[in-house]
Amino acid sequence: MVSRYALIIDPASPDDPRADFTSTFAEVDPAAPALSVGELSTQRGDGIFESVGVVDGHAQEVQAHLDRLAHSAEICDLPVPNLEQWRAATALAAAHCGPGESVIKLILSRGVDHGPAPTAWITANPAPDFTAVRVRGVRVVTLERGYDSAVPARAPWLLLGAKTLSYAVNMAAIREAKRRGADDAIFVSTDGIVFEAPTASLILRVGDLYLTPAPSGGILHGTTQLSVFAWLEQQGLATQYRDIPTDELPQADAAWLVSSVRLAAPITEIDGAPIPLDAEFTARLNQYLLSPRD
Ligand code: PLP
C-alpha cells in the first residue's frame, strides 16, 4: 500500500535562484486539517491544479504538467509559479509513492481571503485501479457545454484553457452521462464542434489519421494527448489537430479518452452508435503510457 503524503509549499518567486527549496516545504499529516477556513480555493474554487500520473515511483511528463501549471496561472492572474520549486516538490512526493500507480496533485490557490499570498500544496495518493476500463472501454454521450466555439477568444474571463479547481460542472456532466446510461461525456459547443471530456482529451482514428480537437483556447491541452501524438509520430503515423464537427464522431474507426491517471480508455459507443474497439492497439498504447515518460 502506497502511503499518502502531503506537503505545504511556501511559494517562491520565479526568479528565486536557490538550488535547494527544502526549507520552503512543510510536510503535513494528510489526514489532519491543514488549510484555513478563509481559503479561497474552498470558498470559490479559485485556484488551479495539475494531476500527475506516477508509475512505480516515476512521475510522468512532469515538464508538460509544469508548463500547463504556468499557463493556467497566467490565464487566472495568479503569481507566476517557480517551476524549479514545483519540480522539487513533485520529486519529493514521487519518492513517497511506492510500486504501482499513484497520483500527485499540484495545487495553487488564490490564498486566504485578504491574505498576503497564494496557498500552494502537493499531495500523493494511490491511484484508483483503471485496469478494467482500459480494456473494456467506455460508452459516452455528447453533452452541450452551453457556449459556441468562438467564446474562448471573446470571453477570456471564462478561464477556458486553464485547469482551474472549479470542476463542479465537469463532475455534474459525468453524473448526467451516467443518468443517460453511459460512463462518460464529451462536451460539444452550441455550434456543433467537439471540445473534450470532463476529465480527459479525445483522440479519434479516421482511416489512417489520428485526430484531436484543436486546443484553440476552449479546452485544456492534454499532456497525455501530446505524449500519445509524439508516440504515434515516432511510428510514422499521421496526426492532426482540427475542429471536429459533432456529426463526424460516429464515423470514427476507433476513439479514446486519454488522461494522466486513467490513461487511454477506448470508446465503445457515442450517443448509442457503436465505435469499433481496437484491443491490440489500445493495449500497446496503454503499455506505452505506463512506461517511464519524461
Ligand atoms: N481535459 C480536461 C477537462 C481534463 O480535466 C483533463 C485531465 O484532467 C484532460 C483534458 C486531460 O489532461 P491530461 O492528459 O494532462 O491529464
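Basis for what follows: all heavy atoms, side chains included, without hydrogens, waters or symmetry-related copies. We count ligands from 1, going down the list as the structure has it; atoms in each ligand are counted the same way.
Electrostatic pairing of Arg18 and Asp16 counts as a salt bridge here, judged by a charged N lying under 4.0 Å from a carboxylate O. With respect to the salt-bridge test (charged N to carboxylate O, under 4.0 angstrom), the residues Asp184 and Lys178 do not qualify.
Note on ring orientation: taking the six-membered ring where Trp is involved, the planes of Trp231 and Tyr288 are parallel (angle under 30°, cut-offs 30° and 60°). Ring geometry for Tyr167 against Phe49 counts as perpendicular: the plane angle is over 60°, on a 0 to 90° scale with 30° as the lower cut.
Looking at Ser201 next to ligand 1, no N or O pair under 3.5 Å apart turns up. Looking at Arg68 next to ligand 1, an N or O pair under 3.5 Å apart turns up. Ligand 1 has an N or O atom lying under 3.5 Å from an N or O atom of Glu196, backbone or side chain. When only interatomic distances are considered, the shortest N/O to N/O separation between Ser260 and ligand 1 falls below 3.5 Å. Considering backbone and side-chain atoms together, Lys163 places an N or O closer than 3.5 Å to an N or O of ligand 1.
Summary of contacts: the protein heavy atom closest to atom 5 (O) of ligand 1 is Tyr167 OH, 2.5 Å. At the shortest separation from atom 14 (O) of ligand 1 among protein heavy atoms lies Thr224 OG1, 2.6 Å.
The six-membered or imidazole ring of His221 lies near that of Tyr241, with a centre-to-centre distance under 6.0 Å.
Residue-ligand proximity: Ala197 is placed with a non-hydrogen atom under 4.0 Å from ligand 1.
Heavy atoms from both the backbone and the side chain of Thr223 come within less than 4.0 Å of ligand 1.
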- Would Asp183 and Arg139 count as a salt bridge (Lys or Arg N to Asp or Glu O under 4.0 Å) if you check the C-alpha gap in whole Å, the side-chain angles of each, and the deciding distance to 0.1 Å? CA-CA 5 Å; Asp183 305 298; Arg139 293 157 303 163; 3.1 Å; yes
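Taking the ring axis of Phe281 as reference, the NZ or CZ atom of Arg205 stays within 45° of it and closer than 6.0 Å to the ring centre. Under the 6.0 Å distance and 45° angle rule, Arg145 counts as a cation-pi partner of Phe187.
Contact atoms of ligand 1 toward Ala200: 1 (N), 2 (C), 4 (C), 6 (C), 9 (C), 10 (C), 11 (C) (distance under 4.0 Å to a heavy atom of the residue).
One option in Ser51, Pro198, Ser259 has a heavy atom closer to atom 3 (C) of ligand 1 than any other, and that option is Pro198.
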